[in-house]
There are 2 protein chains.
Amino acid sequence: MLTKSSTELVRQQNSALVLAALRRAGNLSHTEISAETGLASATVSVITAELEKAGVLAKAEQQVQGGRGRPRVLFTPRRDYGHLVVVRISSDIVQYSLIDYGGTLLDRFDETRNHGERGTVPFARAFVDALERLLQRSRLERDRVLAVSISSKGLVDSAAARLLWSPVFGREELDFAALLAPQWRAKVMLSNETLLVAQALAAQAERKPEGGFRALAAISLGHSIGLGVARKSQSGDMDVSAPNFGHMLHAPSAGLCRCGAYGCIEAAAGFYGILRAAFEVPADTIPAKFVPVAELDKIAASARQGHRMAGYAFRQAGIALGNGISRMLSLYERMPVHVTGPGIRYFDLMLPGIEEGLAQSMQVRLQGAPEISVVPDEQRLVFEGHLERALGAIDADIATTGLS
Amino acid sequence: MLTKSSTELVRQQNSALVLAALRRAGNLSHTEISAETGLASATVSVITAELEKAGVLAKAEQQVQGGRGRPRVLFTPRRDYGHLVVVRISSDIVQYSLIDYGGTLLDRFDETRNHGERGTVPFARAFVDALERLLQRSRLERDRVLAVSISSKGLVDSAAARLLWSPVFGREELDFAALLAPQWRAKVMLSNETLLVAQALAAQAERKPEGGFRALAAISLGHSIGLGVARKSQSGDMDVSAPNFGHMLHAPSAGLCRCGAYGCIEAAAGFYGILRAAFEVPADTIPAKFVPVAELDKIAASARQGHRMAGYAFRQAGIALGNGISRMLSLYERMPVHVTGPGIRYFDLMLPGIEEGLAQSMQVRLQGAPEISVVPDEQRLVFEGHLERALGAIDADIATTGLS
DNA sequence: TTCATTTTCTCGACTGTCGAGAAAATAATT
DNA sequence: AATTATTTTCTCGACAGTCGAGAAAATGAA
């Protein structure tokens, strides 16, 4: 409502609409696009012609036949219009993927993080090198890459593609935009990992025919705790954010967090927090850098056999999550919660605590507890979120840059 | 991004732009509108002509003179285009105001709430009667009222104008839209009181020339605790919400809240919570319905004279607020906090606790504590928020309904 | 009375969407 | 093999909106 509108903007909006419809459904005919977008057939003609001339779309060669009349000609995004690089940064590996504009994976490799080297400088060098290698392997020019989409756990300034705080680098900031600025013309995007999970789940929910999607939250359980929230704003577009949930204050009793503060949710519900509680280590002990999953599996096994402290540790983790979720719902609104991450193996042990932690709040008493469901396959969802977000951004770019 | 665009929509958007500019600045000339909105002079001509024909605008009679050339003719909203009713519901009184489309107050009266009568049914009757009386006093037809804007503390379904939970009626819902539905053609709007404070403050901040407004929070201290958040979304329009802050879980130690849950922020920081802590009443005591301000003034006086438990009570209230604010900032982002309400008389006593409560969180360590300022005159701000919101809604309606 | 100055108004060009019907391309029918 | 029916795509003219330029209007100064 702040900026003036014009006929050109109308065209941009409608072009974006066509691209979005095509992105959703793969390939559509002229009439299908018209039905999907609500645009008049004549308008679709003009827009597709323009996009075709710009090399964004092409008529698919294989025409599915069936009907009687004139055969429908399907439009598809041209896979060679451009490329997308996706980088998933996790604590142990960094995964580099090359994707074409059609959304199909062309190449992928992992690099194991060198835990000897600390700090952002060697990491940045390795990062730039790996991107270069990704290009070489597919004999791709650098300028064919339209976007580089990066994800990490932690706190992110997504507008500027700056990592503000992360489990791996702490407060050491890392500016990805500046890192690639001179050489790469690609749009550099940085997103919190759990935000991408929420984005992917929201996209799935929106595709469902029953419709009526309003909002959802994704929580990732692991060494650290992540939250992504996706909400449909009243203007109609999806609003995703990654609040600093893991380091939201839970209760001082949760003890020392690796961020340096006391009482974060993560300090109780992260793997190291559970470990600490189970072994009755003093709560102000400096947290372990890494907790092997095998270690937690052992605690879980003894909890399942009735060991008191082990059970207590998971219950406390659950309460921290339940309280945190209830606070989140107080500030937003009632919405389903999807739980992912390596920690879902212990979800059964945490659930009673979660329910206890939820039940304490007025929000839950008034509107009922949120639906909580477990979603496996976090990494796939993160990748899907990358595609959703980055290809969407590229499409939006195409629509706005006038297609000169 | 979900719906198609068209040239008519462009006109709507630009009409809304003109109305908003006029609303901001009172009355503007043709060229000033053009400068303010960025629209071409020719476009402004067409739009103003249309609005003038529809009776929304008029050329102001008094022409301010000064310059040399052709005198500028100012456009003003026509005050008699329609009317607006504002109803402020507070715990002791209900205030009814009649405002014209130009935003000037025409009539106002208060009704003291009858505390003998409980429940929504007698209230609803009194409400409808009072509106009728407001019309009669100004000899106004009911259909001249374009909007009825109501505010209350508590939890609100603003889309449906339903009060979901309030300090006065508890869980008894009250559907204002249904109450006025058959007789009144006016748009019925219901807003949380502190949301309106945030709206008013945000509007003030946006008017400032230095610009760069991003977000702010308003907190109202009193018998209950309210929060309003105003944020500029990336699409550019203002996004205000009233999270259920007062009943967000603080800590179980806060004791029984009048909502029935344990540990709400309000149970520690609301007037009755402070009273309870100061007098060392057990924390599970059922809260007092009303606490006279004189009572709290006495506690504050003894706290200022060094009385231990009185000081402790205010400190605990501050910690609850500080923790709550830090959690709010974790979920949104760093933003200035404005404190209003009758409780600001004790702000000096709470501030140390607030700072202590803030300091515990990672968010504050990382990005620094938010600016906290005290804003008196809550009631005026609520009223301003009403005008801002309701007149804006009317303007938006005018722009969208095609001006047939 | 004329001129300079400033504001408002008007006209034609341009961009965009839309509905209707023509054109195209195929399957079914004669 | 020719014709007809059917479905899809394409094209044309009408309509809505914005914009820049310049004409027209209205006033103070010369």
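So that the names make sense, note that chain A is the first sequence line, chain B the second, and so on, each numbered from 1. Bear in mind the structure is a predicted one, so any value in this text is a computation, not a measurement.
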[X] [atom1] to [N] [atom2], straight-line distance once rounded to whole Å:
| X | N | atom1 | atom2 | result |
| --- | --- | --- | --- | --- |
| A:Lys59 | D:dT9 | NZ | C1' | 9 Å |
| A:Asn27 | D:dT8 | CG | P | 16 Å |
| B:Leu17 | D:dC19 | CG | P | 11 Å |
| B:His30 | D:dA26 | NE2 | C1' | 15 Å |
| B:Arg72 | C:dT5 | CZ | P | 17 Å |

Hits for salt bridge (charged side-chain N to carboxylate O under 4.0 Å, His left out) against A:Asp239, two or more places apart or cross-chain, chain-then-number order -> none

Can you name the residues that form a salt bridge (charged side-chain N to carboxylate O under 4.0 Å, His left out) with A:Glu333, not counting sequence neighbours? A:Arg214, A:Arg231

Any B:Arg70 side-chain nitrogen or oxygen under 4.0 Å from OP1 or OP2 of D:dT27: no

Please determine whether a side-chain nitrogen or oxygen atom of A:Thr31 lies at a distance below 4.0 Å from atom OP1 or OP2 of D:dT7.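 Indeed not, no polar side-chain atom of A:Thr31 lies that close.
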
Could you check whether any side-chain heavy atom of B:Tyr101 comes within less than 4.5 Å of a side-chain heavy atom of B:Leu84, counting everything from C-beta outward? no

Can you find a pair of side-chain heavy atoms, one from B:Ile99 and one from B:His386, that are under 4.5 Å apart? no

Sugar-phosphate atoms are those with a prime plus P, OP1 and OP2; base atoms are the rest. Using that split, label each nucleotide of nucleotides 13-22 of chain C B, S or - for protein heavy atoms under 4.0 Å, 5' to 3'. --BSSBB---

Output side-chain donor-acceptor pairs under 3.5 Å for residues 196-203 of chain A, partner residues at least two apart or in another chain, one line each.
| from | atom 1 | to | atom 2 | distance (Å) |
| --- | --- | --- | --- | --- |
| A:Gln199 | OE1 | A:Arg389 | NH1 | 2.8 |

Could you list the residues that satisfy side-chain hydrogen bond (donor to acceptor under 3.5 Å, both in side chains) with [X], not counting sequence neighbours?
| X | answer |
| --- | --- |
| B:Gln234 | none |
| A:His83 | none |
| B:Thr31 | B:Ser29 |

Test: salt bridge (Lys or Arg N to Asp or Glu O under 4.0 Å). Region: residues 8-22 of chain B. Which pairs qualify, not counting sequence neighbours?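 Salt bridge (Lys or Arg N to Asp or Glu O under 4.0 Å) check on residues 8-22 of chain B returns B:Arg11-B:Glu50.
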
Sorted by chain and number, sequence neighbours left out, ring pair (Phe, Tyr, Trp, His ring centres under 6.0 Å) with B:Phe383 holds for none

Would you work out how much the helix from C:dT1-D:dA30 to C:dT30-D:dA1 bends between its ends, with each end axis defined by five base pairs, to 10 degrees? 40°

When you compare the protein's N or O atoms with those of nucleotides 28-30 of chain C, which come within less than 3.5 Å of each other, and at what distance?
| from | atom 1 | to | atom 2 | distance (Å) |
| --- | --- | --- | --- | --- |
| C:dA28 | O4' | A:Arg68 | NH1 | 2.5 |

Donor-acceptor contacts under 3.5 Å from residues 183-190 of chain A side chains, at least two apart:
| from | atom 1 | to | atom 2 | distance (Å) |
| --- | --- | --- | --- | --- |
| A:Arg185 | NE | A:Asp143 | O | 3.0 |
| A:Arg185 | NH2 | A:Asp143 | O | 3.3 |

